[in-house]
Amino acid sequence: METVPAKTILSRTKAQNMGWFGYEYNMNLYRGCCHGCLYCDSRSSCYHIDDFDTVRAKENALPILRNELARRIKTGVVGTGAMSDPYNPFEKKELLTRHALELLNAYQFGASVATKSNLITRDIDIFTDIKQHSPVLCKITITTPHDDLAAKIEPHAPSSTQRFAALQSLAAAGIFCGVLLMPVLPFLADDPASIELLVKKAAAAGARFIYADFGVTMRDGQREYFLNGLDTAFPLQGYGQKYRTRFGSRYHCASPRAKQLWQIFTAACNKVGLLYNMRDIIAAYRQGYGNRQLSFFN
């Protein structure tokens with residue numbers, strides 16, 4: 001495991017971003033990711049991450065985090081998983097995420113975790129302890145219900161089937177969990193049948209919510225990787241050229257079916273009782289935790 005120097009692990013969330021799943025702090029223990037997802041925004045040039053596919057641990061991450069938690073006057077929910085997956089394959093041995101969660105528990109902080117890995121189920125015991133005093137939210141990214149498509153666009157991540165199974169384990173343990181349905185790739189994953197199937201599978205697994213974006217982002221660095229990846233993964237379908245022709249240098253590339261898909265998606269969620277609006281998701285997972293609940297909307 002390679003390492004990179006680090007001065008800080010915990011950062012305060014900007015006030016204008018507090019609505020993003022309602023967490024007050026952000027935590028990154030690793031740099032880079034090896035899931036190989038074609039569309040990953042984190043490999044964009046603006047983040048200045050060289051050799052993004054190589055996972056590096058931040059030096060002295062746990063002592064730094066412990067000191068930062070101890071100095072915080074106000075506790076809150078700590079989010080992780082925005083820039084690199086906290087449950088990358090190296091985490092099984094390194095245990096940085098697990099020990100960080102133990103520190104959050106010890107210092108009475110909540111946790112909001114995003115991942116594509118079923119390794120998250122290893123830490124159900126800690127999530128269970130944390131939720132005795134603070135909110136816990138587990139988000140598993142599932143961009144398609146079809147394992148064959150996922151294997152092409154997310155080649156080194158656990159299968160969609162494995163991720164649904166992880167949801168089921170979290171839900172069975174009483175952990176508030178759900179799906180990040182994002183991105184939904186235009187021309188590849190934006191068909192109504194797939195969206196309805198994903199909602200059905202998520203509900204069957206015990207998910208409480210699905211948060212969706214019917215499109216994908218592209219910017220410098222990441223755009224080239226994504227489009228070239230489409231050319232390689234789908235040489236006969238011409239998806240890369242379809243993106244070049246329709247979207248050009250646009251940042252947010254919405255599915256041509258986005259409006260129709262949203263109607264289908266919300267109807268399917270309403271039918272099975274899944275939340276899908278950010279405000280409702282935040283209110284639900286933070287319910288019952290005193291003054292912390294919805295304080296960011298004041």
Side-chain angles (χ1 to χ4, degrees), residues 32-55 81-85 88 114-117 140-164 179-199 201-202 210-266 268:
C33 185
C34 58
H35 286 330
C37 303
L38 301 186
Y39 52 76
C40 184
D41 181 74
S42 294
R43 67 173 71 249
S44 300
S45 300
C46 61
Y47 297 120
H48 307 292
I49 302 177
D50 296 329
D51 192 12
F52 179 79
D53 297 287
T54 298
V55 178
M83 289 297 298
S84 61
D85 198 312
N88 64 75
T115 183
K116 285 189 178 81
S117 177
I140 297 185
T141 299
I142 306 176
T143 60
T144 172
H146 305 299
D147 287 349
D148 54 348
L149 178 56
K152 290 186 176 183
I153 62 177
E154 303 155 347
H156 307 305
S159 68
S160 296
T161 296
Q162 289 174 304
R163 289 178 243 174
F164 281 120
V179 173
L180 292 179
L181 176 55
M182 52 195 313
V184 176
L185 297 181
F187 313 126
L188 285 88
D190 60 342
D191 61 289
S194 291
I195 300 304
E196 290 180 313
L197 178 59
L198 192 145
V199 171
K201 284 178 172 285
I210 302 177
Y211 190 74
D213 180 12
F214 297 106
V216 64
T217 59
M218 293 195 296
R219 49 184 158 189
D220 290 347
Q222 177 262 352
R223 179 185 293 106
E224 294 79 2
Y225 185 93
F226 176 46
L227 297 179
N228 291 336
L230 291 180
D231 291 338
T232 300
F234 305 95
L236 302 179
Q237 292 89 340
Y239 290 132
Q241 189 55 46
K242 286 184 179 181
Y243 273 78
R244 294 179 182 95
T245 300
R246 184 175 184 92
F247 301 117
S249 59
R250 193 179 308 173
Y251 169 59
H252 185 264
C253 308
S255 166
R257 298 172 168 178
K259 188 172 183 179
Q260 174 197 10
L261 291 176
W262 179 255
Q263 293 173 342
I264 291 170
F265 167 70
T266 54

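Residues H35 and P158 are in side-chain contact: their nearest non-hydrogen atoms beyond the backbone lie under 4.5 Å apart. For the pair T144 and S160, the minimum side-chain heavy-atom distance is below 4.5 Å. Side-chain contact between Y243 and F226: present, with at least one pair of heavy atoms (C-beta onward) separated by less than 4.5 Å. Two residues are said to be in side-chain contact when any heavy atoms from C-beta on lie closer than 4.5 Å; F234 and L149 meet this criterion. Residues L198 and I210 meet the side-chain proximity criterion, which asks for heavy atoms closer than 4.5 Å. Within the 4.5 Å cutoff, no side-chain heavy atoms of L188 are placed close to those of Q237. Using a 4.5 Å heavy-atom cutoff, the side chains of V216 and F247 are not in contact. At a threshold of 4.5 Å between non-hydrogen side-chain atoms, the residues R246 and F187 count as touching.
Taking OG from S194 and NE2 from H146, the interatomic distance works out to 3.0 Å, rounded to the nearest 0.5 Å. Note that the CG atom of N88 and the SG atom of C33 stand 6.5 Å from one another [nearest 0.5 Å]. Taking OH from Y39 and CG from L230, the interatomic distance works out to 12.0 Å, rounded to the nearest 0.5 Å. With rounding to the nearest 0.5 Å, the separation of CD1 in I142 from CG in L181 is 9.0 Å. Distance check, rounded to the nearest 0.5 Å: CZ of F265 to CD of E196 gives 11.5 Å. A distance of 13.5 Å separates OH in Y225 from OG in S45, rounded to the nearest 0.5 Å.
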Under 3.5 Å, side-chain donor or acceptor atoms of residues 253-260 against the rest of the protein: list the pairs with distances, not counting sequence neighbours.
unit_1	atom_1	unit_2	atom_2	d
S255	OG	D190	OD2	2.6
S255	OG	R257	N	3.0
R257	NH1	D190	O	3.0

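Applying the side-chain hydrogen bond (donor to acceptor under 3.5 Å, both in side chains) rule to Y47 yields the partners D41, R219; only residues at least two apart in sequence or on another chain are considered.
When every heavy atom of I264 is checked against every heavy atom of P192, the shortest pair comes out as CD1-CB, 3.5 Å. Summarising the geometry of C34 relative to D53, their closest heavy-atom pair is CB-O, 3.6 Å, with the distance given to 0.1 Å. Listed here is the closest heavy atom pair of G32 and S84: O-CB, 3.1 Å. Here the closest non-hydrogen pair linking E224 and D220 is OE1-C, 3.8 Å. Nearest heavy atoms, I195 versus A189: CD1-O, 4.1 Å. Looking at every heavy atom in both residues, K201 comes nearest to P145 through CD-CB, 4.0 Å.
The main-chain N or O of C46 is never found under 3.5 Å from a side-chain atom of S44 such that the two would form a donor-acceptor pair. A donor-acceptor pair under 3.5 Å links the side-chain atoms of Q222 to the main chain of T217, judged by distance alone. At least one donor-acceptor pair closer than 3.5 Å links the side chain of S42 to the backbone N or O of M83. The backbone N or O of I140 sits nowhere less than 3.5 Å from a side-chain atom of R163 that would complete a donor-acceptor pair.
Judged by distance alone, the side chains of T161 and D147 do bring a donor and an acceptor atom under 3.5 Å apart.
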